[in-house]
Amino acid sequence: MKIGFLGTGKISASMVDGLIRSKFDVSSVIVSPRNAQRAEQLSHNYNKVMIAENNQELLDASDCVFLCLPNQIAKEVLHSLRFHPEQLVVSVLAMAKVAEVEEWINHKVYRAVPLPFVAECKNLTPIYPNHPFLRDLFDALGGTLVLEAEEQFNLFMTAGSLMGVYCNFIETAHQWFMTQGLKKQQSADFLAMMFGNLTDEMRKIVAAKSSVSLDFALLEKEFSTKGGTNELLSNCFSHQGGRRALTIALETTLQKISAPKNT
Ligand SMILES: NC(=O)C1=CN([C@@H]2O[C@H](COP(=O)(O)OP(=O)(O)OC[C@H]3O[C@@H](n4cnc5c(N)ncnc54)[C@H](OP(=O)(O)O)[C@@H]3O)[C@@H](O)[C@H]2O)C=CC1
């Protein structure tokens, strides 16, 4: 199977890294010439990776193509391209629904939310609708979550949009500690170690595969001594609008993801 990536950015590079590292049987990978530096790097790193002359040549050579373009220009770029009837087309575009992309390209479309961690074959990737080839591919990259409805898929797209705000949260605390006099390196080391360890705790619970699913409220309690400073900080954050701000941000993002575009 020849797999093509239209738009050679962060997600394409992560998927290429993961595919080459995985046991998935891929005969060759074709990337589009933009971003030139990233495409060059991938073809330099891996024998199986070739750079197409242009977007149409990439489509002509691919059995399966992942649409990994910036959202703002996707419609315009895709409109001018010819897809082949037997080709499997997978959109990773966050902000366009299946029906919209199908109208742009006049071709059946599947969707996926691969996150950068597919590069190390350790991410669960939601797909919609189900497709056996995509299931096998993403299973090799860490696991597949098959969604029956696009509304469910859009909720996972929203969940996948939490990475930036998570870093924002830590950065806000980090900046505050520095204004209070902590050394940059010491603050960064401490925060990175603590948040990394919290993530490891969640991994342990998931790996134990107990019948009880991960309970985040319980974790919050476990890491908050009754009457202690963790409880104080968490309650203060919630009462000052922290939870509300996150809920509003999630709703705004889901609305943007789900809103119909001008087709
Ligand atoms: N990053 C993530 O975690 C996730 C991203 N997504 C979605 O995936 C898509 C890609 O995201 P991401 O990889 O992060 O974005 P990037 O900006 O890293 O990659 C987009 C790539 O498209 C290239 N490009 C721009 N114009 C064209 C064109 N006309 N023809 C071909 N390629 C072009 C850009 O090249 P150049 O640099 O030269 O402009 C760039 O390399 C987006 O729609 C995003 O919403 C979905 C799930 C998760």
Side-chain angles (χ1 to χ4, degrees), residues 3-19 29-45 49-62 64-83 89-98 100-102 104-105 109-128 134 137-138 141-145 147 150 152-168 250 252-259 261:
I3 302 183
F5 291 88
L6 185 60
T8 312
K10 171 91 180 150
I11 283 304
S12 299
S14 303
M15 281 197 63
V16 174
D17 284 339
L19 282 172
V29 171
I30 307 133
V31 295
S32 57
R34 275 180 70 180
N35 173 281
Q37 200 184 346
R38 221 166 204 150
E40 194 54 51
Q41 188 70 52
L42 288 168
S43 86
H44 177 263
N45 288 352
V49 176
M50 282 161 277
I51 307 171
E53 282 284 317
N54 53 52
N55 291 342
Q56 187 58 53
E57 190 189 275
L58 173 110
L59 293 188
D60 294 345
S62 306
C64 166
V65 62
F66 284 86
L67 310 179
C68 306
L69 295 164
N71 293 287
Q72 323 77 268
I73 58 148
K75 181 181 173 185
E76 190 194 332
V77 174
L78 294 173
H79 250 316
S80 62
L81 296 169
R82 285 184 320 280
F83 288 77
V89 180
V90 191
S91 165
V92 310
L93 304 172
M95 294 192 197
K97 286 190 263 189
V98 159
E100 287 157 347
V101 186
E102 285 181 344
W104 300 344
I105 66 172
V109 168
Y110 293 80
R111 292 180 77 187
V113 197
L115 298 184
F117 320 106
V118 291
E120 292 172 59
C121 305
K122 59 177 194 188
N123 205 77
L124 193 56
T125 301
I127 63 167
Y128 170 82
L134 288 181
L137 184 147
F138 285 115
L141 296 182
T144 316
L145 203 53
L147 280 319
E150 196 163 21
Q152 296 284 308
F153 179 89
N154 284 339
L155 285 168
F156 279 103
M157 190 59 94
T158 307
S161 310
L162 280 164
M163 293 183 295
V165 76
Y166 176 73
C167 298
N168 177 335
L250 287 165
T252 305
T253 308
L254 177 62
Q255 267 171 24
K256 185 85 179 163
I257 287 171
S258 310
K261 314 288 169 303

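Note that ligands are numbered from 1 as they come in the structure, with each ligand's atoms numbered from 1 the same way. Here the structure is a predicted model, which is why all the values come from computation and not from measurement.
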Where's the contact between [X] and ligand 1, heavy-atom distance under 4.0 Å: side chain, backbone, both or neither?
X      : result
Pro33  : neither
Met163 : side chain
Asn55  : side chain

What's the shortest heavy-atom distance between [X] and [Y], and which atoms?
X      : Y      : result
Gly7   : Ser12  : O-OG, 2.5 Å
Phe5   : Cys68  : CD2-SG, 4.1 Å
Ala259 : Glu100 : O-OE2, 4.1 Å
Ile30  : Ala52  : CG2-CB, 3.9 Å
Ile257 : Met157 : CD1-CG, 3.6 Å
Met15  : Leu137 : CE-CD2, 3.9 Å

What is the closest protein heavy atom to [atom], and at what distance does it sit?
atom                    : answer
atom 20 (C) of ligand 1 : Cys68 O, 3.6 Å
atom 41 (O) of ligand 1 : Thr8 O, 3.0 Å
atom 17 (O) of ligand 1 : Pro70 CG, 4.8 Å
atom 19 (O) of ligand 1 : Gly9 CA, 3.2 Å
atom 13 (O) of ligand 1 : Ile11 N, 2.9 Å
atom 46 (C) of ligand 1 : Val92 O, 3.2 Å
atom 45 (O) of ligand 1 : Asn71 ND2, 2.9 Å
atom 18 (O) of ligand 1 : Lys10 N, 2.9 Å

Next item on the list: To the nearest 0.5 angstrom, please state how far the CG atom of Leu42 sits from the CD1 atom of Ile51.
Entry: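 Spacing of CG (Leu42) from CD1 (Ile51) equals 8.0 Å.
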
Notebook entry, point to check: Which value, rounded to the nearest 0.5 Å, describes the distance between Arg34 atom CZ and Leu6 atom CG?
Noted result: 10.5 Å

Margin query: Could you check whether any side-chain heavy atom of Phe138 comes within less than 4.5 Å of a side-chain heavy atom of Leu145, counting everything from C-beta outward?
Written below: no

Note to self: Yes or no, since that's all I need: does a protein heavy atom fall within a distance strictly under 4.0 Å of atom 15 (O) of ligand 1?
What the structure shows: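 Answer no: nothing from the protein, no heavy atom, is under 4.0 Å.
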
Margin query: Any protein heavy atom at under 4.0 Å, with atom 36 (P) of ligand 1 as the reference point?
Written below: yes

Compute the shortest N/O to N/O distance between [X] and ligand 1 and return yes if it is under 3.5 Å, no if not.
X     : answer
Ala36 : no
Arg34 : yes
Leu69 : yes

Checklist line | Closest to atom 27 (C) of ligand 1 (judged by heavy-atom distance), picking from Leu81, Val77, Ile73 | finding: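 Of the listed residues, Ile73 has the closest heavy atom.
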
Next item on the list: Ignoring hydrogens, just give me the one of Gly7, Gly160, Pro114, Ser161 whose non-hydrogen atom is nearest atom 48 (C) of ligand 1.
Entry: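 Residue with the shortest heavy-atom distance to the ligand atom: Pro114.
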
Check: Which of these, Val165, Thr158, Leu155, sits in a side-chain contact (heavy atoms from CB on, under 4.5 Å) with Leu250?
Finding: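 For Leu250, the side-chain contact (heavy atoms from CB on, under 4.5 Å) check succeeds only for Thr158.
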
Note to self: Just to check, does Ala13 reach to within less than 4.0 Å of ligand 1 when the distance is taken from its heavy atoms?
What the structure shows: no

Margin query: If the condition is side-chain hydrogen bond (donor to acceptor under 3.5 Å, both in side chains), which residues does Glu150 pass it with, not counting sequence neighbours?
Written below: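 Checked Glu150 against side-chain hydrogen bond (donor to acceptor under 3.5 Å, both in side chains); matches are Arg111.
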
Notebook entry, point to check: Which ligand 1 atoms does Ala94 reach within 4.0 Å, using its non-hydrogen atoms?
Noted result: 43 (O), 45 (O)

Notebook entry, point to check: Any chance CD of Gln72 has more than 12 other-residue heavy atoms, nucleotides or ligands included, within less than 6.0 Å?
Noted result: yes

